[in-house]
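Structure record follows, encoded as structure tokens.
Just so it is clear, the structure is predicted and the values come from calculations on it, not from any experiment. In what follows, chains carry the letters A, B, and so on, assigned in the order in which the sequence lines appear, proteins first and then strands, with residues in each chain numbered from 1. Any value given below was found using the heavy atoms of this structure, including those in side chains, with hydrogens, waters and symmetry copies removed.
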Amino acid sequence: MKYIFLFCVFCIAILLISFESSEFTYPDYFPKPVYNFSQNPLKKEVIQLGRRLFYDPILSADSSISCASCHSQYNAFAHVDHDLSHGIYDRIGKRNAPALMNLAWQKLFMWDGAINHLDMQALAPITHPNEMDNSLENVLSRLRNNSNYRHYFFSAFNDSAIKTEHVLKALSQFELTFISSNSKYDSVKKGLVSFTEKEQKGYEVFLQNCNACHTEPLFSSYSFSHNGLPLDSTLSDYGRVSISLQSSDSGYFKIPTLRNLRYSFPYMHDGRFKTLSKVIQHYTSGIDYSLHLPKELKKPIQLSSDQKVELISFLFTLNDSSFVFNKQYSYLK
Amino acid sequence: MPFLMFLFYPEELYSQGFTINIKPMYYGHIIQIDHPVIDSLQGEHVTFKECKFYMGKFTLYSKDTVLHFDRYHLIDIDNANTTVLSFPIPPSFYADSISFLLGIDSVTNISGIMDGDLDPLNGMYWAWNSGYINMKIEGITPKCQGRNNLFQFHIGGYQAPYQTAQKISFVLKKTQSIKIQMNVQNILEKVQLSKEYQIMSPGKKAKEMSESMSTMFSILQ
């Protein structure tokens, strides 16, 4: 009898664990996430609340734009076709809104790493004058005056008081579910399909020339580096140095992932390149070697025109259409 | 070697409290927000507009007991409820020394969103360069060359080499209550208000000011 009881407890525990993790699954070749889930355990109702907030213009001062305005799902949560993203009242910022995916593996956010935790990230666009130009007080008071939100917060947190902590944790939870791990590259990794010959050759070019910074399987080391881009004097954006205050970080920006490039153009922190071939052209013939470059870039990258084509065909195996069309991430009607 | 009796103290067990009364002063005068105080040495007056700061991780020591209280308190001298702190202690406990942190430690700074005194809603958090503001002091004085003679010092930063949280400790005569006097002139004497009247980001200047902040406390028993 005792054993039957223990067996039942075991089965229930397994069921609970699998339910918990069903919101957050990733392939075994991914590293362990860095996000501390014990402080914000995933829960269906919280994720759905985060999803509502993500798409709700209530967060911006004049209720005109939402998170999704600059992070649209069809663009892998980047801002389509804008070099510099624009926010409220058509005000233009100084950087390209980055694509959002695999956020649980990242410690620092924004191109300069100004934000030190996913939970704190949303505070920045909510309050920035060129983005949502709002105040936290105003956001909380609007949400508290909305009976639907009081209901959603209660079912998510058993608390209808609507606190900063819960707003930010809900946004984090929704964003944590943005896992892109279903590209052709992933299918190859899982042994389900093979690369074409061209893609395989491109993979080898990638491993030799790109992987040190855009490290697989996340296709970024998520550290900061200089990629040899000449300064745009109209922006005078020196990146990471403004946060770290270390002169060696001048011109350093967060290394972006190479997943879903097909959807997330234009490229670079200031969106200066519209196409991948322009990006590759930069790495092979556009780098300014007089700049303070990291060791990975000191040796010029030389690629034949065939290798460039092969590299692009490999990079296209990192596109994950099931991610950009996943209905769980879309606007909740 | 004191015996570490309670690391995280079960607060509900004792009704007895160790009380700390925080008294912000300027050249011996109690500071009240929006009330001018005179610098008796030079005859200048200063009107403080804001004085808020974090204290936390209080540890009370007696010969054989160490009581540690992990939480942070946001002290706002414009809100009398925040300037008296009370910590549960056993009736026979008399502290012979105390330590605390002025400002928020680096681990807490990178631990994500928190509620209560650490809620960014309190206006003590930098949204665009993640991190807590350990101390805000703002005021008006004629010698300050800023707009409307306003000085604004928002001191924070947790990353090396510009960490600004300061550990402060005092030896006490066995006691269950103390007054901590803050001699705010110690901060303003260190800067030339005619030239330096606003610091609002982490860095070298913030670090230097945090060091002078750590010298402004004295204990009255």
Side-chain angles (χ1 to χ4, degrees), chain A residues 34-40 93-95 107-141 144 157 159 161-173 176 240-246 249, chain B residues 8 50 52 54 70-72 74 76 78-79 103-134 136 154-165 198-211:
Chain A
V34 295
Y35 188 84
N36 184 355
F37 287 92
S38 69
Q39 284 179 358
N40 190 16
K94 64 174 184 178
R95 293 185 185 139
K107 277 189 179 160
L108 298 172
F109 299 87
M110 303 295 194
W111 282 104
D112 54 13
I115 309 299
N116 67 20
H117 195 288
L118 182 60
D119 296 354
M120 308 317 267
Q121 201 281 334
L123 283 177
I126 288 171
T127 57
H128 195 284
N130 288 344
E131 299 197 27
M132 291 176 160
D133 195 25
N134 211 345
S135 68
L136 191 51
E137 291 82 351
N138 198 30
V139 167
L140 291 174
S141 111
R144 286 168 185 159
F157 295 104
D159 182 356
I162 310 193
K163 304 190 285 190
T164 315
E165 181 188 3
H166 292 158
V167 173
L168 297 180
K169 283 188 166 172
L171 281 164
S172 280
Q173 289 213 10
L176 284 163
R240 179 73 182 147
V241 64
S242 63
I243 301 303
S244 71
L245 308 176
Q246 307 293 312
D249 286 338
Chain B
F8 293 97
E50 183 140 59
K52 287 162 81 175
Y54 281 108
D70 213 40
R71 69 161 284 204
Y72 284 100
L74 177 56
D76 176 355
D78 206 22
N79 177 357
I104 309 288
D105 69 286
S106 58
V107 173
T108 306
N109 262 294
I110 58 166
S111 296
I113 184 68
M114 276 164 275
D115 196 16
D117 284 5
L118 293 174
D119 187 332
L121 197 59
N122 297 315
M124 297 292 281
Y125 193 85
W126 279 309
W128 264 88
N129 187 355
S130 294
Y132 284 95
I133 299 166
N134 292 333
K136 267 190 183 178
H154 297 181
I155 303 303
Y158 65 91
Q159 295 195 76
Y162 302 121
Q163 302 98 323
T164 51
Q198 53 197 38
I199 301 176
M200 284 183 275
S201 58
K204 190 165 175 277
K205 286 178 186 171
K207 164 99 173 155
E208 284 167 6
M209 184 162 274
S210 75
E211 284 161 1

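Counting only heavy atoms from C-beta outward, the side chains of B:Ile110 and A:His117 never approach each other to under 4.5 Å.
Atom CE of residue A:Met120 and atom CH2 of residue B:Trp126 lie 13.5 Å apart, to the nearest 0.5 angstrom. Atom CD1 of B:Ile113 sits about 6.0 Å away from atom CG of A:Leu123, to the nearest 0.5 Å. For the atom pair OG of B:Ser106 and CG of A:Asn116, the computed distance is 10.5 Å after rounding to the nearest 0.5 Å. Taking CG of B:Asn129 as the start and CE of A:Met110 as the end, the distance is 11.0 Å to the nearest 0.5 Å. Atom-to-atom distance recorded for B:Gln159:CD and A:Ile243:CD1 is 8.5 Å, nearest 0.5 angstrom. Of the inter-residue distances, the one linking B:Tyr125 atom OH with A:Thr127 atom OG1 reads 11.0 Å to the nearest 0.5 angstrom.
Nearest approach of A:Ala114 to B:Trp128, heavy atoms of both residues: CB-O, 3.5 Å. Here the closest heavy-atom approach between residue B:Ala127 and residue A:Ala124 is recorded as O-CB, 3.5 Å.
Proximity to chain B is absent for every atom of A:Gln121, based on heavy atoms less than 4.5 angstrom apart. Residue contact with chain B, scored on non-hydrogen atoms closer than 4.5 Å, is absent for A:Ile126. Looking at A:Glu137, both its backbone and its side chain come within 4.5 Å of chain B, counting heavy atoms on both sides.
Few gaps surround NZ on B:Lys207; more than 12 heavy atoms of other groups in view lie less than 6.0 Å from it.
Residues B:Asp115 and A:Lys163 are paired through a salt bridge, judged by an N-O separation under 4.0 Å between the basic side chain and the carboxylate.
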